Amino acid sequence: MKKVKSIALLLVILLISISLAACGEDKPKLNVYNWGDYIDMDVLDQFEDEFGIEVVYDTFATNEDLYVKLKQGGSSYDVIFPSEYMIERMVREDLLEKIDKANIPNFDKIGEQFLGLEYDPNNEYSVPYMWGTVGIIYNKTMVNEPLDSWADLWNEQYAGQIVMLKSQRDTLAVALKKLGYSLNSRNEKELEEAKAELIKQKPLVLAYMGDEIKDALISGEAAIGVVWSGDAVAMIRENPDLAYVIPKEGTNLWFDAMVIPKNAQNKEAAEKFINFMTRPDIAAKNADYIGYSSPVPEAVKLLPEEVQNDPVSYPTAEEIENTEVFKDPADIIQVYDRIWTEITSEE
Ligand code: N2P
């Protein structure tokens, strides 16, 4: 009798473990590919709990890395987060699915200034995620006077204390703007001049960095850096000696959005996720955590007062006036790529 009981017990245990395993297998998966340091992981947990969808999360460092990964194939993502000029390129190359707005009721929550922009004029392919500017962050205790110009990044006084972004469009934009050109220049001579500026600057530069830029400035290892506004917010939170400035020559205004690649395996879950990320309470929690600016006005209203009034996150109309949005260089992408390779391979 004892034997029968233990066999029965074993069977029960076996059945439970089989059904648990099956449960795990059955849970639909969503493959999300986003920039590093660009989401509150709690929000992902909340999505998994609410929808019973397992998020497989992976990160990239630049738009160009994202593009290469997507083009290479071999990996299939359901939701990715390119910036506007890369969305323009991906649409042109037929790499994106149209998004079914009927499945994104929270699309109505997006502020109207973020709709109908040139990169997706009819909002067919993308739902805005975050936006911001590019500027200079500097340690007030390590520089002699407040900085206000891209040319300050070429000041020999700060040799070895300057960090630049390891990102081709952003860094070329700095040099183009310093020279008084458009950051969408399609003129090879201007681009060559920008290259020469960046090569000339190299002996002063501590490093070209990605997300590590934050630690370099917070710790005081570097005194000056080029950053995206939301990272500046996160950095100033950690080290109040830091200040962010939009240089007087003007800068880049950027928009990152959520899109669904053509080879997505789970479009239904992708739309659920995009809708969830746009829900005001979630967008607010996420923006507050990462430091970036949300395109969802109701979310912004949920943020602490000092964040809502922070000019780093929400620049003045005058500052916005003096900005340009990146466009896809289309037929001259190879020129941009070549110039960037020449800059980064120069010792
Ligand atoms: C955050 C990346 C922000 C992307 N680490 C800015 N376009």
Side-chain angles (χ1 to χ4, degrees), residues 32-44 57-70 77 79-90 114 117-120 126-137 163-174 177 183-184 207-218 222 225-238 242 244 246 251-259 277 283 285-296 307 310 312-315 320 323-328 336 340:
V32 177
Y33 198 36
N34 191 3
W35 299 75
D37 290 353
Y38 210 28
I39 206 161
D40 178 353
M41 289 302 209
D42 275 359
V43 163
L44 291 185
Y57 191 76
D58 196 6
T59 61
F60 58 83
T62 67
N63 278 299
E64 288 68 29
D65 292 352
L66 165 63
Y67 174 81
V68 168
K69 193 75 179 259
L70 202 64
Y77 297 108
V79 181
I80 57 173
F81 294 66
S83 304
E84 69 301 289
Y85 73 95
M86 194 49 78
I87 295 177
E88 212 181 312
R89 178 175 186 182
M90 288 173 172
F114 302 99
L117 299 179
E118 219 176 309
Y119 67 93
D120 186 10
S126 61
V127 177
Y129 178 65
M130 297 287 162
W131 66 279
T133 55
V134 177
I136 296 178
I137 190 149
V163 283
M164 295 292 285
L165 275 173
K166 204 195 285 169
S167 165
Q168 68 159 264
R169 286 305 298 271
D170 296 298
T171 296
L172 277 169
V174 168
K177 280 299 193 192
L183 49 71
N184 285 310
Y208 276 34
M209 291 182 172
D211 283 330
E212 323 84 79
I213 237 173
K214 291 205 283 266
D215 287 338
L217 266 296
I218 291 168
V226 178
V227 286
W228 296 297
S229 46
D231 280 347
V233 170
M235 290 153 91
I236 295 168
R237 219 155 33 187
E238 297 292 321
L242 297 173
Y244 178 79
I246 293 181
T251 194
N252 168 234
L253 174 69
W254 55 262
F255 305 95
D256 293 340
M258 297 174 277
V259 302
M277 294 307 293
K285 183 174 157 62
N286 193 35
D288 194 26
Y289 180 87
I290 60 177
Y292 278 85
S293 317
S294 169
V296 177
V307 179
D310 184 351
V312 179
S313 301
Y314 301 95
I320 299 245
T323 59
E324 286 182 277
V325 178
F326 284 132
K327 292 194 204 5
D328 168 34
Y336 271 82
W340 181 243

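Quick caveat: nothing in here was measured; it's all calculated off a predicted structure. Numbering of ligands and ligand atoms starts at 1, following listing order.
- Asp58 is linked by a salt bridge (Lys or Arg N to Asp or Glu O under 4.0 Å) to nothing, counting only residues two or more places apart in sequence or in another chain.
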Exercise. Given the rule in the side-chain hydrogen bond (donor to acceptor under 3.5 Å, both in side chains) test, do Tyr85 and Arg169 qualify, once you have shown the distances and angles that lead to the verdict?
Worked result: CA-CA 10 Å; Tyr85 73 95; Arg169 286 305 298 271; 5.7 Å; no
Between ligand 1 and the protein, find all N/O pairs closer than 3.5 Å and give the distance for each.
residue: ligand 1; atom: 5 (N); partner: Gly36; partner atom: O; Å: 2.7
residue: ligand 1; atom: 5 (N); partner: Asp211; partner atom: OD1; Å: 2.9
residue: ligand 1; atom: 7 (N); partner: Asp256; partner atom: OD1; Å: 3.4
residue: ligand 1; atom: 7 (N); partner: Asp256; partner atom: OD2; Å: 2.8

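- Checked against side chain to side chain donor-acceptor pair (under 3.5 Å), Lys166 has no partners two or more places apart in sequence or in another chain.
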Exercise. How far apart are the C-alpha atoms of Asp231 and Asp211, what are their side-chain angles, what is the distance that settles it, and do they pass the side-chain contact (heavy atoms from CB on, under 4.5 Å) test?
Worked result: CA-CA 9 Å; Asp231 280 347; Asp211 283 330; 4.2 Å; yes
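- Annotation: side chain to side chain donor-acceptor pair (under 3.5 Å) contacts of Ser83 (sequence neighbours excluded): Asn63, Asp256.
- Relative ring orientation between Trp35 and Phe60 is described as tilted, the plane-to-plane angle lying within the 30° to 60° band.
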